[in-house]
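Data block below; observations after.
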Amino acid sequence: MIMEKILFYCFAGILLFAATMVITVRNPVRAALFLVLAFFTSAAIWLMLEAEFLAISLVLVYVGAVLVLFLFVVMMLDIDTSALKEGFTRYLPLGLLVAVLIVLELIAVLGAANFGLDQVPAPVASDESNTKMLGRLLYTVYVYPFEIASVILTVAIVAAITLTLRPHKRKTQDPAQQVKVRSKDRVRLIKMASEKRQDGKGKP
Amino acid sequence: MLDLLTQHLLPNIGKILLIVAVLMLAVAYLTLAERKVIGYIQMRIGPNRVGPRGLLQPIADGLKLLLKEVIVPTRSNLYLFVLAPVLAIGPALAAWAVIPFDAGMVLADINAGLLYVLAITSMSVYGIVIAGWASNSRYAFLGAMRSAAQVVSYEIAMGFALVGVLIAAGSLNLSEIVMAQQGGILYWYWLPLLPLFVVYFISGVAETNRAPFDIAEGESEIVAGFHVEYSGMAFAIFFLAEYADMILISILAATLFMGGWLSPFEGIPLLETMFSWVPGLVWLLLKTSLFLFIYLWIRATFPRYRYDQVMRLGWKVFIPVTLVWLVIISTMQVFDIGPWFNNIVEVTNP
């Protein structure tokens with residue numbers, strides 16, 4: 001139990017540090033990398049809560065795919081950091097308002113009784129893996145919300161692609177056509193008799 | 001506290017060290033095997049000077065790399081430049097925690113083993129991307145960009161192939177997946193999941209940035225890609241990570257599709273008893289070696305893909321193939337089409 005607490009505070013400390021660095025560090029690539037660290041440590045904390053499926057999915061989806069693409073974009077941008085700092089005072093009131101709202105919400109949640117969170121039964125150790133249980137719940141009780149969510153995501157993908165896909169004339173290759181090509185379409189072999197030298201010297 | 005130390009920590013650290021030591025040795029001799037195999041394929045002899053039949057060549061190479069100077073390029077990002085090789089080798093080693101070497105011979109027998117492997121291997125791209133960005137070199141950066149796009153694309157096909165295995169076995173635990181393939185060579189998943197097996201292995205080759213998918217390194221186009229600025233031990237660590245990843249993909253292919261530690265003679269009357277004394281680990285290693293040989297064979301045979309061809313193969317060929325086969329495999333599973341799927345699917349209401 002003591003070991004668990006030590007581990008939790010270690011991970012929580014790293015998570016707070018990484019999250020702070022994400023918003024304070026000047027270089028966007030470093031910020032994205034600190035975000036990776038933040039996701040990874042929160043996955044570790046979830047693992048300690050015995051939510052191994054969620055923890056691994058977090059690493060798989062966010063660290064393994066989303067942030068790689070994020071880095072991909074951020075690395076190619078040449079951001080002038082002084083331009084970013086300019087709007088600081090202009091956006092300060094709005095930022096403060098959002099911050100205050102979030103702090104209020106956090107206080108409300110921390111007072112667990114406000115939401116009846118203190119009445120949630122303590123987690124019971126089960127013989128079954130929570131991956132299996134989550135899967136069963138998703139495909140039985142929550143099957144409609146699950147399916148609807150996936151359809152919405154598919155629509156979003158289609159929308160994103162149609163927004164960026166501009167039909168423009170350019171040289172493209174059609175692999176089907178390339179495979180169909182036979183040598184006789186490209187090269188014509190001609191049989192012809194060898195010619196004699198005009199001056200009559202040497203062998204024909 | 002002392003109890004915890006002696007009963008859990010020390011034996012586990014011992015096992016980890018054993019796995020890493022054997023793995024490093026395997027990596028060293030895989031480099032020798034690669035040079036020898038490709039040598040013979042190209043009608044050469046390969047290294048034969050250091051030690052008997054060139055057997056000490058990898059040791060000599062390692063010593064040479066250890067003694068070389070690590071040069072840090074100007075205006076590079078020093079922290080990330082040093083961090084990149086670490087991020088490359090870390091996932092390559094961490095994934096080995098869940099690999100079952102024999103019945104019960106596994107470091108961490110976790111329920112979501114397959115998912116763990118997928119998550120950890122998906123992190124190996126960071127080493128390459130950070131190396132390319134931190135070394136402040138155009139070639140390295142191009143290599144990193146190519147690699148990021150390639151690894152993310154092939155991960156999807158690879159993930160779908162693994163979903164097929166998961167549907168067939170009904171479990172994410174690697175040991176249970178092996179046990180679900182019991183019954184002889186025709187029951188292993190390479191047969192019912194043949195398209196997924198092919199997609200998985202080719203995606204594995206792409207994921208490890210090996211020829212013919214080595215566009216991240218592409219010597220003839222971008223010098224050496226992401227590790228062009230690395231020298232000495234830092235370069236050696238990238239090398240170690242790449243080869244450890246190759247062995248990992250091979251052992252996973254053997255575990256998921258070729259019955260893991262199960263004997264190939266299971267169910268054959270005479271041969272089964274003749275070979276029953278062979279430990280399961282030997283079968284697993286033989287199967288892994290087969291896949292490693294295929295890796296080298298492919299490298300010696302095929303020319304490098306062009307970047308757009310790599311992307312087309314991943315998105316337009318592999319992902320549709322896996323999607324179609326997922327539907328087929330689910331149908332076979334639900335309607336108990338034998339001989340592979342005659343187990344009863346449990347249906348219970350929560």
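Values reported hereafter were calculated over all heavy atoms of this structure, with side chains retained and with hydrogens, waters and symmetry mates removed. Please read all numbers here as calculations on a predicted model, not as lab measurements.
- Between the B/Q333 side chain and the B/A168 main chain, a donor and an acceptor come within less than 3.5 Å of each other.
- Ring planes of B/Y154 and B/F318: perpendicular class, angle over 60° (limits at 30 and 60°).
- The closest donor-acceptor contact from the side chain of A/T164 to the backbone of A/A160 lies under 3.5 Å.
- For chain B, no part of A/L58 is nearby; none of its heavy atoms comes within less than 4.5 Å.
- Of the N and O atoms on the side chains of B/E176 and B/S171, at least one donor lies less than 3.5 Å from an acceptor on the other residue.
- Using modelled atom types, no side-chain atom of A/E147 and backbone atom of A/Y144 make a donor-acceptor pair closer than 3.5 Å.
- Neither the backbone nor the side chain of B/L83 comes within contact range of chain A; no heavy atom of the residue lies under 4.5 Å from a heavy atom of that chain.
- Against chain B, no residue from residues 93-101 of chain A qualifies, as none has a non-hydrogen atom under 4.5 angstrom away.
- Taking the six-membered ring where tryptophan is involved, the planes of B/Y230 and B/F81 are essentially parallel, since the angle between them stays under 30° and well short of 60°.
- Counting only distance, with no hydrogens or angles, the side chain of B/E155 and the backbone of A/A65 share no donor-acceptor pair below 3.5 Å.
- Within the 4.5 angstrom heavy-atom criterion, atoms from both the backbone and the side chain of B/A149 approach chain A.
- Neither the backbone nor the side chain of B/N173 comes within contact range of chain A; no heavy atom of the residue lies under 4.5 Å from a heavy atom of that chain.
- Among the candidates A/I6, A/L16, A/T41, the single residue satisfying the side-chain contact (heavy atoms from CB on, under 4.5 Å) test with A/F11 is A/T41.
- Judged purely by atom type and a 3.5 angstrom limit, B/Q150 uses its side chain to pair as donor or acceptor with the backbone of B/F213.
- For chain B, the nearby part of A/V36 is the side chain; its heavy atoms alone come within less than 4.5 Å.
- Looking at B/V129, the atoms closer than 4.5 Å to chain A (heavy atoms on both sides) sit in the backbone and in the side chain alike.
- In this structure, the portion of B/L172 lying under 4.5 Å from any heavy atom of chain A is its side chain and not its backbone.
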